[in-house]
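Read through the structure below, which is laid out as structure tokens, and then see the notes.
Order of the sequence lines sets the chain letters (A, B, ...), proteins ahead of strands, with each chain counted from 1.
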Protein chains: 2
Amino acid sequence: MASSIHDLARHLNISIGTVSRALNGRADVNAETRQRVLEAARTLNYSPNQSGRSLRKGATHSIAFMLQPHPGDQQYGEPFFIPFLTGLQARLAESDLDLMVVMGEPGQYQPERLRRVVETRRADAVVLANTRREDDRIDYLSKAGFPFATLGRSQSGGDTYPSLDIDFERAGEEAVDRLVARGHRRIAAIRPSLDLNFGYLFLDGYRKALKRHGIEVDPGLIADGFINETGGYQVTPHVMLSKDRPTAIIFNNDAMALGGCKALAEMGIRPGHDIAVIVIVDTPLCRYFSPALTAFRPSLEPMGRRLAEMLLASLPAFAGPEGTRIIREVWPLELVARESD
Amino acid sequence: MASSIHDLARHLNISIGTVSRALNGRADVNAETRQRVLEAARTLNYSPNQSGRSLRKGATHSIAFMLQPHPGDQQYGEPFFIPFLTGLQARLAESDLDLMVVMGEPGQYQPERLRRVVETRRADAVVLANTRREDDRIDYLSKAGFPFATLGRSQSGGDTYPSLDIDFERAGEEAVDRLVARGHRRIAAIRPSLDLNFGYLFLDGYRKALKRHGIEVDPGLIADGFINETGGYQVTPHVMLSKDRPTAIIFNNDAMALGGCKALAEMGIRPGHDIAVIVIVDTPLCRYFSPALTAFRPSLEPMGRRLAEMLLASLPAFAGPEGTRIIREVWPLELVARESD
DNA sequence: TGTGTTCTCGTAAACGTTTACGGAAAAACG
DNA sequence: CGTTTTTCCGTAAACGTTTACGAGAACACA
């Protein structure tokens with residue numbers, strides 16, 4: 001069924017070496033011969049076997065994307081990743097690369113699932129998501145000398161790999177700025193308790209902005225919770241019951257914001273009326289919630305494309321002109337003002 | 001860096017044939033020898049090169065999942081697929097198979113993107129999503145004799161491939177039953193205008209139930225729209241402006257329901273008060289919408305596992321005892337009663 | 001005519017496996 | 001002790017590519 005390069009060669013009465021060279025556009029092949037080969041390839045419906053090519057070239061022509069689910073009861077995964085994956089895949093496809101998806105054990109950041117990919121050479125590089133502040137997966141890949149890039153920053157591994165992140169720090173600042181401009185001084189911050197790096201970045205921005213405005217940081221207004229609706233639901237009351245009640249809350253995660261709003265509702269506090277709410281990282285949930293939640297929105301699909309681009313630039317086989325390697329990039333978020341603040 | 005089977009053989013002073021046999025658990029190798037090989041494999045950190053193995057065995061040990069984005073302006077893709085993918089991947093991983101993700105050109109159901117996978121042998125089988133009533137991709141794969149399975153039914157390709165679907169027909173019926181039981185007689189149905197098969201199935205169930213209750217089907221209460229928020233927003237008024245206004249609407253898609261509710265709001269009609277709303281195929285959006293939308297919920301993660309199971313059972317290399325091949329399965333949805341009906 | 005260059009192609013090795021085949025040694029059997 | 005069977009292992013081919021090497025032919029040039 002599958003026609004091989006040998007079939008082509010036999011059909012054209014020519015050696016497989018020449019066929020291969022013709023197909024791969026090498027210079028040392030007669031123009032007319034190349035034409036015949038190309039034509040025969042079309043009529044015989046030939047395309048090179050990927051395994052054979054991989055074996056010979058020592059490259060699989062595929063990139064693994066590792067999605068690390070959070071533990072917990074989320075019925076639906078994060079919608080975040082579909083558009084990101086779309087962009088990532090689109091760019092990879094342009095370089096004739098496949099996208100492989102690897103899922104980690106929920107909540108387990110050990111590199112076990114990665115080992116298989118690396119050790120059996122199933123992919124040429126890895127893209128990591130849900131980056132933690134300290135991330136075993138990054139340590140593992142660095143140590144193994146396996147090329148990778150990350151969506152999100154980490155403190156692990158140094159500055160040796162491309163990473164693309166959202167500017168959580170700046171978003172934290174801007175959220176505070178906006179709230180202060182609207183007269184708020186007591187602003188709470190609620191973020192995930194996991195070691196996810198963006199939680200730290202957000203808090204840095206939050207603190208920085210508060211200080212800039214001459215507002216003292218009140219630890220009672222900062223709370224960590226589980227990164228889902230339940231976490232937001234549980235932790236929001238803590239903050240609301242501090243001696244001096246906040247007039248605004250910034251949530252660092254959409255699911256936590258929804259849980260938090262539920263808690264607020266039960267306390268008779270209405271977002272947009274009695275309290276201002278801003279969430280960092282918009283999702284459709286924010287848009288359709290009532291009241292619609294003001295949020296900071298990333299451009300996921302372009303980010304996917306970009307990270308693919310950065311990763312490719314770091315791979316010797318795909319690197320363009322020397323010195324174009326991009327190590328880190330941090331993208332701004334766009335504020336989508338809605339009804340909750 | 002990468003240790004090959006030759007390194008192992010050299011290290012043990014033994015032939016590569018024996019090493020391979022020992023590793024693959026074949027019978028004709030001495031127990032003690034096997035022990036030594038296994039041990040050496042561990043200390044030398046050996047794992048077989050996937051490309052070499054693929055080439056020799058003529059199988060890639062990976063399955064492609066094709067996601068077909070709808071055209072349109074959806075900022076975030078369908079959250080639907082992440083948990084499905086999780087289940088799919090989990091089951092595949094148990095059989096040491098990789099998951100490759102292929103995205104179609106938005107709205108284009110031509111098998112172009114599939115061609116690459118099939119012709120270059122990049123995967124051993126394909127899983128199709130967003131199945132259309134008539135689906136070129138299915139025709140292509142059937143004709144090519146390439147193994148595949150589908151999430152969702154289609155009329156293409158006959159009964160020759162495993163497929164797993166949600167019971168949209170039954171959900172349509174149950175939605176009508178529930179509404180009728182609550183006193184409704186004028187029930188509208190809004191579904192996507194694309195050739196997506198579930199739209200037909202849903203409508204079949206809707207009609208069937210109406211007839212069973214002795215209610216005449218009013219074409220003015222049935223509308224097709226673009227499968228996103230805008231579509232729901234545009235088409236809902238049509239149905240509301242029919243001579244005899246409906247007292248209930250069943251939406252066949254969550255995004256359309258949200259758009260529809262927006263249109264209703266602008267007409268001063270409140271879901272849950274002035275009109276009953278049920279949506280088929282629940283998402284987090286339904287849960288967090290206000291009022292929370294009553295919806296039918298699939299169990300995505302188990303479905304992913306199951307479809308993987310079915311696909312594997314259809315592959316000669318993985319088939320268990322003969323005759324266990326499952327061709328079609330249709331899973332029920334669970335009603336999640338909330339506030340909108 | 002002899003020498004050097006260029007163009008084009010064939011040969012064969014290599015990538016890392018798996019496996020059919022055969023053979024030597026050991027065991028079983030009469 | 002001779003014969004058959006079993007156990008275990010080495011040899012080598014094969015999967016489908018790519019590519020280093022070399023060689024023949026054609027051509028240019030002196």
In terms of side-chain heavy atoms of [X], which of [options] is nearest?
X: K57(B); options: dG16(D), dT17(C), dT18(C); result: dT18(C)
X: I5(B); options: dG10(D), dT17(C), dC9(C); result: dT17(C)
X: R56(B); options: dT17(D), dT11(D), dT19(C); result: dT19(C)
X: T33(A); options: dT8(C), dG10(D), dC15(C); result: dT8(C)

Could you tell me if T60(B) and D124(B) have a donor-acceptor pair between their side chains, going purely by distance under 3.5 Å?
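A donor-acceptor contact under 3.5 Å links the two side chains.
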Using only heavy-atom distances, determine whether the side chains of S54(A) and S51(A) contain a donor-acceptor pair under 3.5 Å.
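No pair is found: no donor N or O on one side chain lies under 3.5 Å from an acceptor on the other.
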Does I16(A) reach a base, just sugar-phosphate, or nothing at all? Heavy atoms under 4.0 Å.
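Contact class for I16(A): base.
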Applying a 4.0 Å non-hydrogen cut-off, can you work out what N30(A) is touching in the nucleic acid: base, sugar-phosphate, or nothing?
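Sugar-phosphate, backbone atoms only, no base.
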Taking only the side-chain nitrogens and oxygens of [X], find out if one of them lies under 4.0 Å from OP1 or OP2 of [N].
X: S15(B); N: dG10(D); answer: yes
X: N24(A); N: dT18(D); answer: yes
X: R53(B); N: dT18(C); answer: yes
X: S51(B); N: dG16(C); answer: no
X: T18(A); N: dG10(C); answer: yes
X: S20(A); N: dT18(D); answer: yes
X: R26(A); N: dT19(D); answer: yes

